[in-house]
Amino acid sequence: MNKALRNLPQIETVLSFSEIKTLAERFSRPEVVSALRKAIEQLRHEILADSTVALPDFEGADFASLVAADIENARSPSLLPVINATGVIIHTNLGRAPLARQAVAALRGASEGASNLEFDLESGKRGSRHTHVEALICELTGAEAAVVVNNCAAAVLLGLMVTATGRSVVASRGELIEIGGAYRLPDVIVQSGAVLHEVGTTNKTRLSDYEAAIDETTAVLLKSHTSNFKIIGFTSAPERGNLAKLAQERGVILMEDLGSGVLIDLSPYGMGEEPVVSDILKAGVDVVMFSGDKLLGGPQAGIIAGKREIIAKLKSHPLMRAVRVDKLSLAALEATLRLYSAPHDPVKEIPVLRMLADEIESVEARATRLGKELSNLESLQLEVTPSIARVGAGALPERDLHSFSVSIRSDKHSPDALCAALRQNKPPIIARIERDRVLFDMRTVNDDEIDVIARAVTRIANG
Ligand SMILES: *Cc1c(COP(=O)(O)O)cnc(C)c1O
């Protein structure tokens, strides 16, 4: 056995030292024990790698303050607000859509005390949580009925279970997608208890392919937004209207997983290709699913909208209880949906849409401001340059959004080290690296965050 290892003290011994005893009073004994165990384990590893490492003075104040810092660290929250300087507006790893002020107020209101979540204020009897947003969704989409669940993945699973368990689902080979987090449409179909009947090819699927596939086992024709990829070139897919007519003639349901799903026409902002939910329903699709926290700009939720009979079956399905939306999300969703009607302007009041529609001049102005605040740092080479931002979360994967960035290169730190230091800032700042430079894309950074970034970069550059 390594001799140096024998010099490591027992936890009990360290606990008896007065500096450490004080810590046990300031924090708690279990926290101190766990921090000591970690520190000694760490030293054991260091010794095994190099038997000459110097051991700390376990009785001294320096060691105690290291232990204290470790406990403080363990006590600090794990889930934190961060600054998204990546230029990806709906960043799944950074929590997707930031909520509108009104949505934050609503979720606070619904959570600080009791709420009428499932209580009918008129009759004084038990109510349904589904009533709070159904009429709003119908108004905004033209759907006959709607229901909200935990997320869009749950919406698709539940939708298929209700309509197609034990029967077959016809889907185009060009739309059998995998999106992040192991969501693969073919697997979801299988999990719903339905049988997948693939039609067409990767690039071309015709109406006649769907037509030939329909038999007495068919329950659903399923369309899906291809989200994070795009097939270009020699491609075709039948028009929705024709598919809807076919579904109706043959007595099957036409369902569409829209993924993001937008409630307003984004073509004034150069994003006309993202399908608007009301247009999809108008084209004759029986039921659609879309996320609450993608382009809609609200909380995590899965919205299902369409024919009354289908929605009624969904509401009473046993799985509904397992995938139901929680009251915080419901409150935030209702408040977000209300911003889509006058006197509100969703493009001004919903952060996701505001970032998307933000004029390039104002993005540039923010970049210039950050550039100015950093301009006196000698160790940095700094540029304010045009850049490309993204919508993210599978919406408009091909779409380049014009943006402006401040990019820096440091004499002292590599780009990776700089990004790592930015992530340790309070609040953490998430930037991206491009051509060996650290880039702050200002399309996703708001005015208030500029000073925070400037202070962090200054501290790191001077440190
Ligand atoms: C994002 C997405 C989903 C999953 O939505 P969640 O709300 O994250 O569950 C499902 N289908 C498509 C096409 C998507 O883009």
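Hydrogens, waters and symmetry mates play no part in the numbers below; they use all other heavy atoms, side chains included. All ligand and atom numbering here is 1-based and tracks the order in the structure. Note that the structure is predicted; figures quoted are calculated from it, not measured.
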For [X], take its heavy atoms, then give the atoms of ligand 1 lying under 4.0 Å from any of them.
| X | value |
| --- | --- |
| S291 | 5 (O), 6 (P), 7 (O) |
| K294 | 1 (C), 2 (C), 3 (C), 5 (O), 14 (C), 15 (O) |
| I177 | 13 (C) |
| H225 | 13 (C) |
| I179 | 1 (C), 2 (C), 3 (C), 4 (C), 10 (C), 14 (C) |
| R96 | 6 (P), 7 (O), 8 (O) |
| D257 | 10 (C), 11 (N), 12 (C), 13 (C) |
| A153 | 4 (C), 5 (O), 6 (P), 9 (O) |

message = Does N150 form a side-chain contact (heavy atoms from CB on, under 4.5 Å) with Q300? I'd like the steps, not just the answer.
response = CA-CA 7 Å; N150 180 54; Q300 178 185 308; 3.3 Å; yes

Judged by atom type as modelled, is there a donor-acceptor pair below 3.5 Å linking the side chain of [X] to the main-chain atoms of [Y]?
| X | Y | result |
| --- | --- | --- |
| R443 | D358 | yes |
| N84 | V88 | yes |
| H132 | A331 | no |

task = May I have the step-by-step check of salt bridge (Lys or Arg N to Asp or Glu O under 4.0 Å) for E373 and R455, ending in yes or no?
result = CA-CA 9 Å; E373 294 198 23; R455 274 199 302 276; over 6 Å; no

key: Among E175, E274, E256, the one residue meeting side chain to side chain donor-acceptor pair (under 3.5 Å) with H225   = E274

ask   = Taking the six-membered ring of F119 as reference, does the NZ or CZ atom of K125 fall below 6.0 Å from its centre and within a 45° cone about the axis?
value = no

request  = Using a 4.0 Å heavy-atom cut-off, say whether K223 meets ligand 1 through its side chain, its backbone, both or neither.
outcome  = neither

query = Quick one: does ligand 1 sit under 4.0 Å from the side chain of T92, the backbone, both or neither, non-hydrogen atoms only?
reply =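 It is neither part, as no heavy atom is under 4.0 Å.
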
inquiry  = Please report whether ligand 1 has a polar contact with S260, defined as an N or O pair separated by less than 3.5 Å (distance criterion only).
reply    =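 It does not: no N or O of S260 is found under 3.5 Å from an N or O of ligand 1.
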
task = Could you verify whether a donor N or O on one side chain and an acceptor N or O on the other, from D441 and S387, lie under 3.5 Å apart?
result =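 Indeed, the side chains of D441 and S387 share at least one donor-acceptor pair under 3.5 Å.
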
task = Ignoring hydrogens, just give me the one of G259, A154, A155 whose non-hydrogen atom is nearest atom 12 (C) of ligand 1.
result = G259

